[in-house]
Amino acid sequence: MDVCVIGAGYVGLTTSAVLASFGHHVHCVDKDKERITMLLEDKVPIFEPGLEELVIENKKKGNLVFSTQLGKAVKNSSIIFIAVGTPLSADGRADLSFYQAVTNELSTLIDSYKIIITKSTVPVGTNSELERTLLEKGVSADYFDVVSNPEFLREGTAIYDMLHPDKIVVGVNDPKPITMVQKLYQKIQAPFIITSLNGAEMIKYASNTFLAVKISFINELAQISDAYDVDITDVALGLGTDPRIGPHFLRAGLGYGGSCLPKDLASMEHQALKQGITPHLLKAAQTINDLLIDGYVNKLKNKVADLQSKKVTVWGASFKPNTDDTRHSQALRLIERLKEEGCEVHVFDPAVTVDHVKNHQDMYESVNESDVLIIATEWKEFIQADWALVKEKMKGQVILDCRNCVSPRTIKHYGFTYVGMARP
Ligand code: NAD
Ligand code: UGA
């Protein structure tokens, strides 16, 4: 099939490469000229394991082309994916300006039948609104069908997630395009969940908000467990073995960040309030997450006198390991907070450099003469660090583990003071 994917970010680029690997002919379009120039030169502008190889392989096969020209890509495609960003606006709403710019442009370009598939996460009602807008703008009803097909991939494992999803959600108001969508994805083994446009949009928000609530639940329990000297990792283990609960998303620590959980929680709250519904649980999840930094900084202050004059090294700045994405990163919030406290902040992250702090290329050099080491993102290299070497380099002995990713016993064995939340 000929497919146009609009947006060459995490979702658009992964969708393009995966669909091309299935043998579809994919035209991936982005308005960002620099991004497209890089892709034309076989460079992938984001850090996503395996993506560069898949992009290059499918470009070579002739299945994947990149361009900034939407007109030609739309003309040559029967299926059009919208995968542009829908970031958080100041009032908590999803900012639909990129999405609307694309749909406005599409309304001027469609001159034969197309299936328009929204992959971007958009508030409930957006796809139905798109149907109405296209009709109002004079696009014939025979020339399009709108499908909501939200994406559930995680950054860092994007290709694997897209190839092995636990479901493919397809929202439609008219069943006509379903067969084509099923054909498009026929190489993927996963059940289809067919629902309305609104239903599909809601499933996406339900997933991300549930994950955020689950993380905030375990983080609240971590604070209570801390007061009773209970190890939260044991609690998570005991809790997660119950199949009704499940072991995933029970890692307590610095909380959730990233481009989606915080924004989708805020957007769902906004969507509830718009209907006169107070989203008590969603608000609580956000409040808990926002306060986690305070909890860790207070822990540190209890252990380190005169924190303001100390050299503090932070390992990890991305919002989670295996990505260079720092959007809504809790680690970055922590770094800002440490600067406000007056600390001399040094940072090492395998994929990210941070503005207005001293960045290091080498994780061991970054702890030279440091008073405190903080693990803010659980990259594998931190979990497997050579603690004897770290001890040799550091001046102080406090290690604050904000991701419960190293063993307190190991850390203590090397002569450090381990500080964590609910890690006695
Ligand atoms: P992104 O910011 O990485 O990429 C979006 C791309 O769209 C950018 O390259 C931008 O230049 C391009 N773009 C914007 N306006 C355009 C236009 N008019 N024409 C062509 N290109 C345009 O975003 P992302 O992380 O891939 O997220 C995209 C959507 O998918 C969001 O709604 C997000 O919530 C959702 N989502 C993201 C993830 C994830 O892990 N990142 C997972 C599931 C769903
Ligand atoms: C998340 C969802 O997991 C995806 O299903 C979804 O498609 C995506 O958002 C999206 O809509 O964009 P992602 O943001 O890539 O994916 O990252 P996650 O792995 O979900 O982690 C999110 C945040 O939660 C990270 O900051 C991570 O450190 C934190 N987290 C995760 C915890 O604090 N504890 C956990 O147990 C799990």
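We count ligands from 1, going down the list as the structure has it; atoms in each ligand are counted the same way.
Inter-residue side-chain proximity for Pro45 and Leu13 is flagged as met; some heavy-atom pair is nearer than 4.5 Å. Put simply, the side chain of Ser318 does not reach to within 4.5 Å of the side chain of Asp325, judged on heavy atoms. At least one side-chain heavy atom of Thr121 sits under 4.5 Å from a side-chain heavy atom of Lys263.
Legend: residues meeting ring-ring contact (aromatic ring centres under 6.0 Å, His included) with Tyr160, ordered by chain and number and at least two apart, are His164. In this structure Asn104 satisfies the side-chain contact (heavy atoms from CB on, under 4.5 Å) test together with Lys137, sequence neighbours excluded. Applying the salt bridge (charged side-chain N to carboxylate O under 4.0 Å, His left out) rule to Lys339 yields the partners Glu336; only residues at least two apart in sequence or on another chain are considered.
Distances from atom 33 (C) of ligand 1 to the heavy atoms of Gln100, Lys204, Lys263, Glu34 show the closest one on Lys263. With Glu155, Arg35, Arg327, Lys119 as candidates, the residue nearest to atom 40 (O) of ligand 1 on a non-hydrogen basis is Glu155. Taking only non-hydrogen atoms, the option from Val11, Thr68, Asn208 nearest to atom 30 (O) of ligand 1 is Val11. Closest heavy-atom approach to atom 43 (C) of ligand 1 within the set Arg154, Glu151, Met162: this belongs to Glu151.
For atom 4 (O) of ligand 1, the nearest protein heavy atom (residue, atom name, distance) is Gly9 CA, 3.2 Å. Protein heavy atom closest to atom 5 (C) of ligand 1, with residue, atom name and distance, is Gly85 N, 3.6 Å. Looking only at heavy atoms of the protein, atom 35 (C) of ligand 1 is closest to Thr121 OG1, 3.5 Å. The single protein non-hydrogen atom nearest to atom 18 (N) of ligand 1 is Val102 CG2, 3.4 Å, given as residue, atom name and distance. The closest protein non-hydrogen atom to atom 22 (C) of ligand 1 is Val84 CG1, 3.5 Å.
Between Asp264 and ligand 1, no N or O atom pair is found at a separation short of 3.5 Å. Geometrically, ligand 1 and Lys31 share a nitrogen or oxygen pair separated by less than 3.5 Å. Considering backbone and side-chain atoms together, Asp30 places an N or O closer than 3.5 Å to an N or O of ligand 1.
No hydrogens or angles considered: nothing links the side chains of Lys412 and Thr410 as a donor-acceptor pair under 3.5 Å. Of the N and O atoms on the side chains of Ser267 and Gln271, at least one donor lies less than 3.5 Å from an acceptor on the other residue.
With a 4.0 Å cut-off on non-hydrogen atoms, Ile6 touches ligand 1 through its side chain and not its backbone. Counting heavy atoms under 4.0 Å from ligand 1, residue Leu153 touches it through both backbone and side chain. Counting heavy atoms closer than 4.0 Å to ligand 1, residue Ser259 contributes side-chain atoms (C-beta onward) but none from N, CA, C or O.
Near ligand 2, heavy-atom contacts under 4.0 Å come from Glu151, Phe152, Leu153, Arg154, Glu155, Lys204, Asn208, Leu211, Ile215, Phe249, Leu250, Arg251, Gly255, Tyr256, Gly257, Cys260, Leu261, Phe319, Lys320, Arg403.
Of the possible donor and acceptor atoms, one in the side chain of Lys214 sits under 3.5 Å from a partner among the backbone N and O of Ile245. Counting only distance, with no hydrogens or angles, the side chain of Asn298 and the backbone of Asp294 share a donor-acceptor pair below 3.5 Å. Ser140 contributes a side-chain N or O that, together with a main-chain N or O of Asp142, makes up a donor-acceptor pair within less than 3.5 Å.
Near Asp32, with a cut-off below 4.0 Å to any heavy atom, the atoms of ligand 1 are 11 (O). Distances below 4.0 Å separate heavy atoms of Thr86 from the following atoms of ligand 1: 31 (C), 32 (O), 34 (O). Near Cys260, with a cut-off below 4.0 Å to any heavy atom, the atoms of ligand 1 are 33 (C), 34 (O), 36 (N), 37 (C), 38 (C). Counting the atoms of ligand 1 from 1 in the order shown, those under 4.0 Å from a heavy atom of Ser120 are 29 (C), 30 (O), 32 (O).
Shown are Lys59, Glu53, Glu52; of these, the side-chain contact (heavy atoms from CB on, under 4.5 Å) with Val55 is made only by Lys59.
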| query | For Thr233 and Asp231, what are the C-alpha separation, side-chain angles and deciding distance, and is it a side chain to side chain donor-acceptor pair (under 3.5 Å)? | reply | CA-CA 6 Å; Thr233 58; Asp231 191 322; 2.6 Å; yes

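Looking at Lys31 and Glu105, no side-chain N of the basic residue comes within less than 4.0 Å of a carboxylate O on the acidic one, giving no salt bridge.
The two residues Tyr296 and Asp401 make their nearest non-hydrogen contact at CE2-O, 3.9 Å.
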